[in-house]
There are 2 protein chains.
Amino acid sequence: MHFTISEENYIKGIFHLQQETGLVNTNSLAAEMHTRAASVTDMLKKLKAKKLLQYEKYKGFKLNEAGLKAALVVVRKHRLWEFFLVDKLKFDWDSVHAIAEELEHISSEELVNRLAQFLGDPAFDPHGDPIPDKHGSIPVIYQKILSTVPLKKSVTVSAVSNQSTQMLEMLKHYHIALGTQLMILKKFEFDGSLEIKVLKQNACIISEQVAKNIFVHDMGKTK
Amino acid sequence: MHFTISEENYIKGIFHLQQETGLVNTNSLAAEMHTRAASVTDMLKKLKAKKLLQYEKYKGFKLNEAGLKAALVVVRKHRLWEFFLVDKLKFDWDSVHAIAEELEHISSEELVNRLAQFLGDPAFDPHGDPIPDKHGSIPVIYQKILSTVPLKKSVTVSAVSNQSTQMLEMLKHYHIALGTQLMILKKFEFDGSLEIKVLKQNACIISEQVAKNIFVHDMGKTK
DNA sequence: TAATATTTTTAGATTTGTCTAAAATATATT
DNA sequence: AATATATTTTAGACAAATCTAAAAATATTA
């Protein structure tokens, strides 16, 4: 089955939204794709015709098995290329997204598998997101939201759920990246903000909002 | 200046043809691009509007300075990606063309330059074709057509001008690749065919037609 | 050079992906 | 439940890249 770049982008967009909400609606997908609701409806018809979608007019929609499979292929490619860009070409992890958006549409299956092997079959991309394997299986990881971790427990950053440029810029400022070790020194009742100690850095304060977007796991796991 | 994938493909097609013939005509470009003459004319108008082309209706056309520059960017990307596929991902040199056709359209300039650096700034791709540098300069190499080389002189294969699948398959059969060392043992007057000795292989016979597509240089040069 | 053949361009249609504006449907509010 | 609001879909238009068929320009040849 062949998909156009546009189809792949919509499939991926639906995938990301349905991870959060189960059923997806037209307007939220339009927002996600930076396009108009009418364009979304047009594409939904095409994807339904290709039997990738559970979709009833006016009722919301989500990927079916075939659609999910297609989405995982694109996600795998995106995350493998991100890994390549950071690990091999030494890009900053906060500047690779746009390039990976292009690379994810290169079609050769042979290429993806060789790339994965070349990279050492990584299980997580530079943002800590899991990379599906060639069968579409996603590795699981025991991770917690930073704000729920007990005081003085040393943990490793494993993922960041909000990947806006603003967020990534901020983390960079605090020297927080994937694999960074840190611990919570103090929790402030007033606003939920945390004083944290980042390994080899001075202690600093982060807001509750930031802490809720940082995932961590016990030291020494993963990758 | 931004180009669509289609524009880039036409620019590259024109570049390749004008290397041979100077001025290019509509039908030959249509053949090169596997499309129809009418489609070529349509695109020529667009490229002329973007000031990339010297083009008078019914008179033939060629890239101007700006067009040449654009072509060299695409050629550079194509050849760097081919190098990557063969050198890092261990693809056979005769199976990378189609994938590089897709990769060459990834737009990031930063990506290309980092890729080049990662690969060690190679000057020639796996087919022996020169890779333009970031300014569009093409390395020169002192090479000869195999059929013109004197007997018993040991030379190294540096390029193959006909890169059809058929040709590459044949070379593979004879264990001839870029960098292969060989010498001519005998030339047959009758049909111009050559008996050659490929290093570590038995002697074999190749036709004049094949020999005219193999470029060689003195041992120990290049790369 | 006049007739013929070839090459190139134009005219008009098609497909894909997008858009705006309006209509249809669903949801919320009084 | 009737009305207002929000969401979603349809209808129709547009741009890009392609096509076929026909017309125009150029080249060949008798």
Side-chain angles (χ1 to χ4, degrees), chain A residues 1-15 17-18 20-63 67 70-71 74 101-102 104-105 107, chain B residues 1-15 17-18 20-63 67 70-71 74 101-102 104-105 107:
Chain A
M1 189 74 159
H2 171 261
F3 306 114
T4 67
I5 290 176
S6 193
E7 285 168 344
E8 287 192 345
N9 281 330
Y10 273 96
I11 290 166
K12 193 174 50 130
I14 297 167
F15 175 80
L17 291 180
Q18 81 179 42
E20 309 284 307
T21 57
L23 260 199
V24 184
N25 55 321
T26 307
N27 270 345
S28 52
L29 184 54
E32 169 88 10
M33 309 290 299
H34 304 103
T35 184
R36 301 313 180 104
S39 309
V40 170
T41 304
D42 289 345
M43 183 56 83
L44 291 178
K45 285 185 205 158
K46 290 172 196 163
L47 296 180
K48 171 147 199 203
K50 290 197 167 187
K51 299 191 191 304
L52 300 168
L53 221 54
Q54 225 172 77
Y55 168 48
E56 300 298 331
K57 273 207 259 183
Y58 295 103
K59 302 279 174 155
F61 47 90
K62 65 179 194 181
L63 298 171
V74 181
E101 289 283 297
E102 289 187 63
E104 74 191 5
H105 301 296
S107 56
Chain B
M1 190 71 156
H2 171 261
F3 306 113
T4 66
I5 291 176
S6 192
E7 284 169 346
E8 286 192 347
N9 281 330
Y10 274 95
I11 290 167
K12 193 173 52 127
I14 298 167
F15 175 80
L17 290 180
Q18 81 179 41
E20 309 284 307
T21 57
L23 259 199
V24 185
N25 54 320
T26 306
N27 270 345
S28 52
L29 184 55
E32 169 88 11
M33 310 289 300
H34 304 103
T35 185
R36 302 312 181 103
S39 309
V40 169
T41 304
D42 290 343
M43 182 56 83
L44 291 178
K45 285 186 207 158
K46 290 173 197 162
L47 296 180
K48 171 147 199 203
K50 289 196 168 186
K51 298 190 191 303
L52 301 168
L53 221 53
Q54 225 172 76
Y55 168 48
E56 300 298 329
K57 272 207 258 182
Y58 293 102
K59 304 278 174 155
F61 48 89
K62 64 179 195 183
L63 297 170
V74 181
E101 289 283 296
E102 289 186 63
E104 73 191 6
H105 302 296
S107 55

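If you're wondering where the values come from, they're calculated on a predicted model, not measured in any experiment.
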Counting only pairs under 3.5 Å, give me each side-chain donor-acceptor contact of residues 30-47 of chain A, with atom names and distances, residues two or more places apart or in other chains.
from	atom 1	to	atom 2	distance (Å)
Thr35(A)	OG1	Ser39(A)	OG	3.4
Thr41(A)	OG1	Ala37(A)	O	3.2

At less than 4.0 Å, is any side-chain N or O atom of [X] found next to OP1 or OP2 of [N]? Yes or no.
X        : N       : value
Asn25(A) : dT7(D)  : no
Asn27(B) : dT6(C)  : no
Tyr55(B) : dT9(C)  : yes
Lys57(B) : dA24(D) : no
Lys46(A) : dT16(C) : no

Could you tell me whether Phe61(A) contacts a base, only the sugar-phosphate backbone, or nothing, with contacts defined as non-hydrogen atoms closer than 4.0 Å? nothing

Provide, to the nearest angstrom, the distance between the [atom1] atom belonging to [X] and the [atom2] atom belonging to [N].
X        : N       : atom1 : atom2 : value
Lys59(A) : dT8(D)  : NZ    : P     : 13 Å
Leu23(A) : dT8(D)  : CG    : P     : 11 Å
Lys45(A) : dT18(C) : NZ    : P     : 14 Å
Glu56(B) : dA24(D) : CD    : C1'   : 17 Å

Considering only dT25(C), dT10(C), dT9(C), which nucleotide approaches the side chain of Tyr58(B) most closely? dT9(C)

Taken in chain and number order and not counting sequence neighbours, the residues that satisfy salt bridge (Lys or Arg N to Asp or Glu O under 4.0 Å) with Glu104(A) are Lys12(A)

Taking salt bridge (Lys or Arg N to Asp or Glu O under 4.0 Å) as the definition, give me every residue that meets it alongside Lys48(A), ordered by chain and number, with sequence neighbours left out. none

Within the 4.5 Å heavy-atom criterion, are Ile5(B) and Glu102(B) side-chain neighbours or not? no

Does anything in residues 1-14 of chain B reach DNA chain D, meaning a heavy atom under 4.0 Å, and if so which residues? Thr4(B), Ser6(B), Tyr10(B)

Which parts of residues 34-44 of chain B get close to DNA chain D, meaning a heavy atom less than 4.0 angstrom away? Thr35(B), Arg36(B), Ala38(B), Ser39(B), Asp42(B)

Rounding to 0.5 Å, atoms CD1 (Ile14(A)) and CG (Asn9(A)) come to a distance of 11.0 Å

Show which side-chain atoms of residues 50-63 of chain A pair as donor or acceptor with protein atoms under 3.5 Å away, not counting sequence neighbours.
from	atom 1	to	atom 2	distance (Å)
Lys50(A)	NZ	His2(A)	O	3.1
Lys50(A)	NZ	Glu7(A)	OE1	3.1
Lys50(A)	NZ	Glu7(A)	OE2	3.2

